[in-house]
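What follows is a short report on a single structure.
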Amino acid sequence: VAEVSVNLGVNSYTIHIGSGIIASIGQLMCKMELTNKVLIVSDDNVSKLYGDYVVNLLSQAGFTVELFSVAPGEDSKSMRVAMELYTRAIEMGLDRSSSIVALGGGVVGDLAGFVAATYLRGLSFVQIPTTLLAQVDSSVGGKVAVNHELGKNLIGAFYQPRLVVIDIDMLNTLPDRELYAGLSETIKYGIIADQTLFNYFIDNHQQILVKEPVVLTEIIRRCCEIKAQVVERDERESCVRMMLNFGHTIAHAIEASTGFSLYNHGEAVAIGMYGAALLSYQLGLCKKNVVDDISMIIEKFKLPLFAPECKVDTLLPYLERDKKTVGGKTKWVLVSSVGQVKINSDVPENIIRHILEQVTHKQKA
Ligand SMILES: NC(=O)c1ccc[n+]([C@@H]2O[C@H](COP(=O)([O-])OP(=O)(O)OC[C@H]3O[C@@H](n4cnc5c(N)ncnc54)[C@H](O)[C@@H]3O)[C@@H](O)[C@H]2O)c1
Ligand SMILES: [Zn+2]
């Protein structure tokens, strides 16, 4: 069992990580003085696997519990589904002393968190993230949102949970492709902030792929710690938090230009990290071995380096439209060595073109 505290003044909270730790959810919530009614939000895949179990745990701990399960997938992160949740919340008489619990991946976490942030101007929010991506990324940092037809995550808030409970055993039912997608974000943490973590991935990649509990707990703990530290320095995303965007500039372009269907987020980020590493090398910021180490670990975790289905001219406009673009210039997060990144907003277009050509051709430079 590991604990990570996220220190944000009155919004501080603890992330509990461990094998089988969900069994103590009732106790943990009571300790936080969360009592009264609970609305659990989940999706149909996750609620089939863990819904009854979590409902029972909380009922036994004295809570009045209801479970609301949405259809799996990004489409549920919508105002329409949020509205259904408000209706259920009103019908079950949730008040300011009640809680909303997210039981699922990032979709459920973002949706439930958005409802928790806005219903009655905010009630207690608890995260039980069940995908690796949600465990190391979306459940830490307090960004909650729903999508708009015209763009992802456009309607949202910064809203911190009171408690995060990460049971790594829940990853046993996660499809492999989703596991790899989460690993992509974990690699990112190594690259941006921690060479020791990066080396740990190299040394333990076999154990990670078979979900060895001690190793998994350690990487999740470390990733949460890194994200927490970044968020503590920059809760509302002005500058420091930008480094979390490593690999995401190209990733967003790949995802958007392929209609969010061909690659999942983690796969797009893997390609984007490789592209960002190539770009860093091209600009003379890092040595060639940094690119090699990054591409090696991406491949070890069964993630792609290339997006041969994408075209340079289709990707380029999406780079400019990226929400991290400031004053018309794309802000690139670049790597100088593993564990160290820099922001550069002055990359000439011909160089970006050259990099995009490399990541859309299935051949290593
Ligand atoms: N708030 C943030 O800071 C932040 C950060 C990163 C991503 N996100 C958001 O997260 C979302 C993606 O999250 P995700 O990758 O977790 O996707 P997801 O929530 O869609 O989950 C992926 C799939 O795995 C299934 N699943 C989840 N847990 C399972 C388990 N334990 N066993 C079996 N199946 C399981 C789900 O039903 C779903 O089909 C996106 O909407 C993205 O915008 C938010
Ligand atoms: Zn991401």
Side-chain angles (χ1 to χ4, degrees), residues 22 41-51 53-54 69-78 81 102-114 116-117 125 127-148 151-161 164 166-189 192 211 223-224 227-228 230-231 235-237 241 243-252 254-256 260 263-273 303 323-324 333:
I22 190 68
V41 182
S42 190
D43 74 21
D44 295 343
N45 295 335
V46 180
S47 66
K48 242 177 250 153
L49 292 163
Y50 307 105
Y53 180 53
V54 177
S69 185
V70 305
E74 192 67 32
D75 287 352
S76 288
K77 241 176 81 174
S78 68
V81 178
L103 172 67
V107 164
V108 163
D110 281 11
L111 168 73
F114 177 76
F125 177 43
Q127 289 254 38
I128 308 173
T130 63
T131 63
L132 181 60
L133 181 119
Q135 294 175 348
V136 298
D137 192 356
S138 57
S139 71
V140 193
K143 286 208 280 177
V144 298
V146 295
N147 301 324
H148 187 279
K152 271 185 58 136
N153 298 324
L154 291 181
I155 307 158
F158 287 98
Y159 196 70
Q160 304 297 340
V164 180
I166 298 178
D167 191 330
I168 58 160
D169 292 355
M170 288 180 164
L171 297 178
N172 289 330
T173 52
L174 190 69
D176 283 344
R177 194 176 169 194
E178 299 294 342
L179 179 78
Y180 306 149
L183 286 172
S184 188
E185 298 283 356
T186 65
I187 298 170
K188 181 192 77 179
Y189 289 113
I192 64 173
K211 307 174 190 173
C223 290
C224 287
K227 181 150 185 193
V230 172
V231 171
E235 190 180 352
R236 288 181 170 258
E237 198 163 59
R241 208 163 161 160
M243 69 198 261
L244 296 170
N245 217 33
F246 181 74
H248 282 60
T249 309
I250 292 176
H252 289 149
I254 290 173
E255 287 182 283
F260 295 95
Y263 298 95
N264 66 31
H265 180 66
E267 290 160 354
V269 168
I271 301 162
M273 292 193 294
L303 289 156
K323 67 174 173 204
K324 303 289 178 334
V333 186

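Remember, it's 1-based here, ligands and their atoms both numbered in the order they're listed. Treat the numbers as computed from the prediction; the structure is a model and nothing was measured.
When only non-hydrogen protein atoms are considered, atom 4 (C) of ligand 1 lies nearest to S138 CB, 3.2 Å. Ranking the protein heavy atoms by distance from atom 9 (C) of ligand 1 puts D110 OD2, 3.4 Å first. The nearest heavy-atom contact from the protein to atom 39 (O) of ligand 1 is N45 ND2, 3.1 Å. G106 N, 3.5 Å is the protein heavy atom nearest to atom 14 (P) of ligand 1. Among protein heavy atoms, atom 35 (C) of ligand 1 sits closest to L174 CD1, 3.7 Å. Of the protein's non-hydrogen atoms, the one nearest atom 33 (C) of ligand 1 is T173 O, 3.2 Å. Of the protein's non-hydrogen atoms, T130 OG1, 2.7 Å is the one closest to atom 28 (N) of ligand 1. Closest to atom 40 (C) of ligand 1 among all protein heavy atoms lies E74 OE1, 3.3 Å.
Using a 4.5 Å cut-off on side-chain heavy atoms (C-beta onward), V136 and L132 make contact. Looking at D137 and Y189, their side chains come closer than 4.5 Å, going by heavy atoms from C-beta outward.
Applying the side chain to side chain donor-acceptor pair (under 3.5 Å) criterion to D169, with sequence neighbours excluded, gives S19. By the side chain to side chain donor-acceptor pair (under 3.5 Å) test, D44 is found to be paired with S69, residues two or more places apart in sequence or in another chain being considered. Applying the side chain to side chain donor-acceptor pair (under 3.5 Å) test to D110 and every residue at least two apart in sequence or in another chain returns K77.
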Please walk me through it: do H265 and H248 pass side chain to side chain contact (heavy atoms under 4.5 Å, CB included)? CA-CA 9 Å; H265 180 66; H248 282 60; 3.2 Å; yes

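Note that CG of L133 is 9.5 Å distant from CD of Q135, once rounded to the nearest 0.5 Å. Here the straight-line distance linking atom CE of M243 with atom NZ of K188 works out to 9.5 Å at 0.5 Å rounding. For the atom pair CD1 (I187) and CD1 (I192), the distance works out to 12.5 Å, reported to the nearest 0.5 Å. Atom CG of L303 sits about 7.0 Å away from atom CG of L183, to the nearest 0.5 Å.
Across D43 and V108, no two heavy atoms sit closer than the pair N-CG2, 3.7 Å. Minimum heavy-atom separation, A268 to E255: CB-CG, 3.6 Å. Nearest approach of I254 to Y263, heavy atoms of both residues: CG2-CD1, 3.6 Å.
Less than 4.0 angstrom separates some heavy atom of M170 from each of these atoms of ligand 1: 30 (C), 31 (N). Every atom of ligand 1 with a heavy atom of K143 under 4.0 Å away is listed here by number and element: 1 (N), 2 (C), 3 (O). Each of the atoms 43 (O) of ligand 1 lies under 4.0 Å from some heavy atom of N153. Atoms of ligand 1 lying under 4.0 Å from at least one heavy atom of E178, given by number and element, are 22 (C), 23 (C). Less than 4.0 angstrom separates some heavy atom of V46 from each of these atoms of ligand 1: 26 (N), 27 (C), 28 (N), 29 (C), 35 (C). Interface atoms of ligand 1 facing T131, defined by a heavy-atom separation under 4.0 Å, are 14 (P), 16 (O), 21 (O), 27 (C), 28 (N).
Contacts with ligand 1 closer than 4.0 Å are made by no heavy atom of V144, backbone or side chain. Only the side chain of K227 comes within contact range of ligand 1, with a heavy atom under 4.0 Å; no backbone atom does. The side chain of D43, and not its backbone, has at least one atom closer than 4.0 Å to an atom of ligand 1 (non-hydrogen atoms only; side chain from C-beta on).
A 6.0 Å sphere centred on CG of D75 holds no more than 12 heavy atoms belonging to other residues, nucleotides or ligands.
The distance criterion of under 3.5 Å between nitrogen or oxygen atoms is not met by P72 with respect to ligand 1. Taking any N or O of G73, backbone or side chain, none lies under 3.5 Å from an N or O belonging to ligand 1.
Using a 4.0 Å cutoff on heavy atoms, K48 does not count as a contact of ligand 1. Remark: distances from the non-hydrogen atoms of K77 to ligand 1 include one below 4.0 Å. No heavy atom of E185 sits closer than 4.0 Å to any atom of ligand 1.
Counting only distance, with no hydrogens or angles, the side chain of S42 and the backbone of L103 share a donor-acceptor pair below 3.5 Å. Judged by distance alone, with hydrogens and angles left aside, the side-chain atoms of Y50 form a donor-acceptor pair with the main-chain N or O of M170 at under 3.5 Å. Side chain of E267 to main chain of N264: a donor-acceptor pair is present (N/O by atom type, distance under 3.5 Å, no hydrogens or angles).
Taking all heavy atoms of L49, V108, L133 into account, the minimum distance to atom 15 (O) of ligand 1 is reached by L133.
Protein N/O/S atoms nearer than 2.8 Å to the Zn ion (ligand 2) total 3.
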